[in-house]
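Worksheet: one structure, shown below.
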Amino acid sequence: MSAHSSRPAHGHRPGVLAVTQRGPPATALRRSTTASCSLLLSLACSFLPALACSPTVDVEQPIAFVHKIHVAEEEIPCTDCHIGAEEADHATIPLGEDCADCHEDGNGENGENAEEARLVEMLASGEPIPWKRVHKLREHVRFSHRRHVVAGQILCERCHGEVAERELPFSRPNISFNRELGMERCVACHLESGNPRAGIDCALCHR
Amino acid sequence: MAKELSGSELKTRRWGMAVDLDRCTGCGACVAACKVENNIPESSPEEAQMGRVLRWIRVARREEPEGDRASVSLYPALCYHCGNAPCTLVCPVHATYKGIDGLVGQIYARCIGCRYCMAACPYTVKVFNWSEPRWQPELRAHTNPEVSLRYRGVVEKCTFCSHRLQRARDDAAVEGRDVREEDYQPACVEVCPAKALTFGDLDDDHSGAATARRSPRGYQLLEELGTDPAIVYLNRRERRV
Amino acid sequence: MSESRRSPADRDEPLYRPIEHTGAGFYLTAALLMAVVLFGVYQYVNQFRLGLGVTGMNQPVTWGFYIINFVFFIGISHAGTLISAILRLNQAEWRRPITRMAEVITAIVLLIGGLHPLLDLGRPDRMLNIFKWGRLQSPLLWDVMCITAYFAASTVYLYVPMIPDIAKLRDRGTRPRWLYDFLSWRWKGTPRQRQVLNRAMNILMVLVIPVAVSVHTVISYIFAMTLTAGWHSTIFGPYFVVGAIYSGIGALLVIMIVFRKVYRFERYLKLVHFANLSKLLLVMSIIWFYLTFSEYLTGFFGREPAELAVMMFKLSGPYAVPFWLMVLLNFVLPVAILSRKRTRTIPSILVVSIGVVVGMWLERLIIVVPSLAVPYVDFPSHPYWPSLTEISLFAAAVALFWLGFMVFAKFFPLISIWEIEEGREVAIEEASSRIAGYLPDEPDTPVPEGTGRAER
Amino acid sequence: MMYRLFIDTWAFATGVLLFIGWLMMVAIRWQDAFNWTLAISLVMTPVYLTVAGTLTYVFIGLRRGASEEETRP
Amino acid sequence: MNISRRRFLRLLSGAGVTISAHDWLFPRLEAYANERLAYGDLRGPGFTSFSRSVCRDCPNHCSLAMRKVDELPVGLRGTPWHPASLGALCVAGQSQMQALFDPDRLERPLQRPDAGAAAQAVEWDEGIQVLDERLRGLLSSGEGEKIAVVDGRTPSLGTRLLESWVRSIPGARYIPLRIEHALDRLVRQFLGGGAGGRLRFDLARAGTLLLVGSEILEHDGSPVTQMRTHGDRRENPLLSHAPTLYLGARQSPTAVQADYWIPCQPGREHEILLALAEALSKEHPQRDSILPEYARWISDALDPVGFARRYSLESVARRNRLDVEELEAAVRALRRFHPAVTLPGPGILRRPNGFSDAFAGLALNLWTDGFREEGGLSWGRDPLTDLTQELGLGPPGEADPASLSNILDPLFEIQRSPVDVLICVEANLVHELPGQDQIARALSHIPFVASFSTHEDETSRLSHVTVPTLIDLESWDLPSAAWGSPEASLQVQRPALVPVVEGRAVEDVVLGLASAGVAGPGFSPGAENWKDTVKAAVELIVERREGDLVDADGRRTLESASASAAVRSLVSGRSVWVAPSEPGARAEESEAGAEAVGGRGVRPERPPRLTDLAPNQLWLIPFDTPAVQRGRVLNRPMMMEISGMTHGLAWESWVEIHPVDARPRRIVTGDRVKIRGPRAEISTRAIVTRGVTPSVVAAPVGFGHEAFGSVAAGRGANPLKLPFAVLDKRTGAPAWGPVPVFLLKA
């Protein structure tokens, strides 16, 4: 009885129903789809900078330094040039004096080449070599090379990849490194390393 | 060397402090030391007027009237690194948390600035960067590189100079031993002219802090709240802070 | 009889009018409110750029207007869904013209209230950390959960009973057609559909009540879970819920009276509705006072120094004025005016309910600020005065609320049409039969029907 | 097309549930108050499910109801 | 589902908008991330190194270690091997970096056509040339007495060099502006002892301590040492019950740490001290011979009986609103724990009648064998003395305490200036002496004023030439040992870094002048430039016992047998004391002045009496705190923020009022109040506290700079505007005095 009485007085026009199935809901769909996809994208964007800790464009290094020659062939240990690695937080880039030890007279062990000539004149000029820094960490991260290299006994390659094979200087952080430069990588390594000191306490790395 | 050291050998500590109020003269040297060590910028006079001074440790003054006079006491107040820290319970993003060796950490990069931890802290020791800190360019260049410069909108607090603990741990690890007490002293303790502050491992019964804690003069601030602060005050007199 | 001959549609014309005719007044008000909102937005952009320094908050008083308003608005939100659910549940027939408005209030206010914690963030740009690294241990996240759930439930609870009305609008061919087509969900009022609808409504109203209660309980937990003197209290859960319902009814009454006037709903919202609601208000006011009293008595009797310090700060200290004003508006005034039938007129009810809303806002202020301003330890306390930013954002929030309500009124009927019709058609018999059911049975003189008819 | 709202509802519900799940993962990963996380999620999950379920019930029911009447003579 | 073109386009546009938004957003976030890097592109390895220097903010001369990371100074720390500080540093010491890198520092000399005129920066030689000409002129005309040099620095080889340079010029006056010297001088009259000697006081071994206006834990002498030894004393089982008493009007941090605080009205200390002496001397054999001395010289012309009556504990207690039990307790303590030392501090010397208070304080030691080698007050020689003699700088002369007032007093009454050239070396007379406006006016009458200072301060504003000086961290010196620390040793102050500003040390300027002939006969410094002079001195030290120059000679213990002789030796002689309150006094006073000053007497100042207060008038007592140091360190933001910390204030000065006085004036903590004195009116914040005696307003000295860098200028109020400019003739101390003031809510 109640159901009967409360049925819409003028029964609905089929036309309206038809309309219902065609366009308009689609419009609604489009709008919401557009909205949601843009929302997703913008979310993605807002997460990106978390990973972006390094320059995303290639930088031009002053000299085409070949790690391969120095590390693989001459077997110079990394820490001879990157003096900070064992002593301090930052493994530094040699500014010239260290290069001069071998190169000041211009005849490096494997003969003359153009790059070395440029190096020599740079050294002669007395200016430090304008290396461009490519591996950067955000300010709130404190990464101590000493802690990892000396205390943790971790090999450079583990993080920096096969540097010994490189023909060219780093024009951007080497990919394997950069992709995982986010916290996830550190945490993963810290969790799997058996070292009791390598916990996941935030204060270990964050200042 | 560090390789040999297994987890069992690595001692877990409970770093704590004893403040001898019979020695403390409220000179404020600890405050200055903290400011220098932890890159705490000076507030502008206007901010100070509004009560927005950034301080990780402050010298509080308590006055208990005795007729026309008062028994005044001055005591340094800093983060108490509670064993059962109310602030860490309420943080929504794991920005303040119970860290290694019982230190209560504060991660500025994570903090969203809801200031819930400040509201929850019964000791009112957390401070907030209400606006972008202004640094004299001359002085900004000479800040301590081991501590980050904070920015607008995050909560900060005393960390017991945990960066010094990090250094000490590194050195210990390199030498393949445990951290000794003398390796790690916060700036305020190091500088105190009256030698009123003693810092050490509360779990180690022989440490200065632990013995102080056992002393009959010793008591904790607001112990009735059960927060188990890692800082114990020593006071010979009846008056308490 | 003469009534029933008129088709229900045009009998309820006044309910459609707001949707189909829009006067200049609407645009004027909307523009005005919009201006306020925009100013608020501007102020917020400022705050986003410069940090919370632009507010009046300071070292001991780390929470101010934003949190106060957050609690306040979420409180208001209990107007709706809870009340309408309760009324529906125990089949209070006079609910029919009220429920819709109540539910709308809930939906809108929840949106606004839920925004406030974000205003309060020191780094809104890191808001996503809550989702990325959230800790469910923090009462703040309980809030996020509860409020989302409550919002979901109450919007559904607003939408589902609205389907028949939307269908009506669709059938009238009101524009925008696609909207009504889309939302009416092919409602034709078949018995099956009605049955589905009723069942869904029953489920929802049972679901909504605990959720609503949980929401404000959890909000009270934000404070009660800390050790802060004046906050650390077990009574806070019920206290907040009661306060919320109280302020909700107040707000509901204000809205009803205003829109009754604006849209000429006198025929629908009669004095009896207000009378009943105001009785409810009176009851809540008394319960509220009871809880307040016991809250303060325990603190006072215990003589716990910190507790006492906070209390004195409220009773006789800098916050004495708001405190006693609160007592006046929340207890003295309502009891004085609403308890007598003679004074229970619509204007006086309006006054009282506005008073209640203001008073409840003051209560939130009284709860949030003094406990922070009087910490346990010796800390140089600084007076808290809201800055222009905070005030204008509060104004913007209120304006947004009215705006939202107005806009809603432009698309959907503020009074549930089909429920009114249902009321007209079935409720009377239903109610009378129900009442008959309550009454004792006649002394059984077995009268065989046949004979009975024979006697006639 | 008609199921858009329906889809959204479930998207919302599942979204929230995923969120809760993620939070539990975080709690486990950082060894931080897992018990709380578990408790809260146990409380919250059914609520969302009920809401979503009810709405589904309504949508399906209404559609069925509508079609039923159309098939009626 | 089929995708219509319109819909596709919409999707595309939507995505486009978002991506472009992202392109706009991302670089900015990237930049944000990069500019947050701690260092520039090539960061150093982070090697830490330390370079040492000495902090000269107070006579304790703690040694500093400047911490450098990759040669970039990042902070200061104490050095644990410093005998006095043991690695501790006080507030001021730690803020030195801020002074170092203060952008407002002077880099080049400033020259003014006349006092107060706009300054223009000149080249170094140019600036010194002006000074050179002036001095040369006076030297040639043989008017050396027209040259006066005021030295505000703590004692060191540098000050000694300056002093001997000045003294080499016949008649020229060298005036050290150091309150410690006033006390030294007083004690010297008691204990004898050679010139340049130091009062030595071994807190660690003293019995009962009665501190009279002596803030041993704050700034008198060496806070850093005193604080520690005070703590040790507390823990020393022998002394743990020996009480510390504090007699003063304000409950300073020292008083907070003391066991008893005996509050007394400012300027009434001597009454209480005499009462204690009277009570203590009861069974002393010499009582009858000495009391008359007291009676005659200190207080009033009373016979012993009258003296005993007047200074009985009861009457004094009554007059000072104390209860007798307190005083009796004090007497008991002083009897019981020996040596019981009464230490009159600079706090009371900075009074018009400070002499009487200080005298009474010292005299009290006669009864409690407070003059003892171990633990008591004793006399030690400054280790620098011998050294400087060997360096050919001559013996340190005895500074005439009255000399500064002799210069300034005539100028107050606009007279001809007694000097033509006044050189202020790191002495900000205008700001640090009472009666700012008077001093300023006085300076403006001096034909030529030169000031050496790191910043352009109030004094250099009134000087014709302002010569920049170096911060301690940048300069060489040989600071002398700490006041009262027995184990003090000489230490070398090296530059911890290359000077931040291109500047010269004061000594280099002096040596330059000397080598140019601007010096008296007999001025023969070791070397041509300052650095070599210090080096020579250091070599001398090394010859001696590895620099440990503590020298116990020259101490003289004072047996109580010769007490009366001591009193006589004290009160007879040059400085004649007459109770200034007596009507006959002023006449004698002026005579006394006549011989001392030559010409005129000092402005009569009567010791304050409670009765002097008009209704609802209060005593203003300016006090000195280590965080303010009479304003010398307020150019450092940190000090501005810390100085008022315990009262919850920052960047502000304050006054402390007792509730009894605050209530009728409706003043609550934090209110702004006006303080109207006889000479001026200042406005600052009020702190209502029971830490001061009723009817007393205590205000910190040092705030309210008008110059001295942008940080210090215009912050707070300087209470020294209120009192009259009085420099006590006997102690040479600026009489800050208690000033009767009106206090009202602003």
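Numbered from 1 within each chain, the chains take letters A, B, ... in sequence-line order.
- In this structure, C/Thr226 and B/Tyr116 have side chains that are in contact, with non-hydrogen atoms separated by less than 4.5 Å.
- Taking CD of C/Gln59 as the reference point, atom CE of B/Met118 lies at 4.0 Å (rounded to 0.5 Å).
- Residue B/Arg52 comes nearest to C/Met57 through the heavy atom pair NH2-O, 2.6 Å, listed as atom of the first residue, atom of the second, then distance.
- For the pair C/Leu227 and B/Pro86, the tightest heavy-atom approach, listed with the atom from each and the gap, is CD1-CG, 3.7 Å.
- Of the residues considered (C/Val54, C/Leu372, C/Thr228, C/Thr55), C/Thr55 shows the highest number of contacts with chain B, using heavy-atom pairs under 4.5 Å.
- Panel note: side chain B/Arg152, backbone C/Leu50; no donor-acceptor pair is recorded below 3.5 Å.
- Contacts between C/Trp385 and chain B at a heavy-atom distance below 4.5 Å are absent for every atom of the residue.
- Using modelled atom types, one side-chain atom of B/Arg115 and one backbone atom of C/Asp120 make a donor-acceptor pair closer than 3.5 Å.
- Contact annotation: the side chain of C/Asp378 never approaches that of B/Glu63 to less than 4.5 Å [non-hydrogen atoms, C-beta and beyond].
- Contact annotation for C/Thr62: both backbone and side-chain heavy atoms come within less than 4.5 Å of a heavy atom of chain B.
- In terms of heavy atoms, C/Asn58 sits closest to B/Trp130 at O-CZ2, 3.4 Å.
- C/Leu140 contributes atom CG, which lies 7.0 Å from atom CD1 of B/Ile112 (distance to the nearest 0.5 angstrom).
- Residue C/Ile222 touches chain B through both its backbone and its side chain, counting heavy-atom pairs closer than 4.5 Å.
- Side-chain contact between C/Leu141 and B/Pro92 is present, with at least one heavy-atom pair separated by less than 4.5 Å.
- Taking every heavy atom of both residues into account, C/Trp231 and B/Ala119 meet most closely at CZ3-CB, 3.9 Å.
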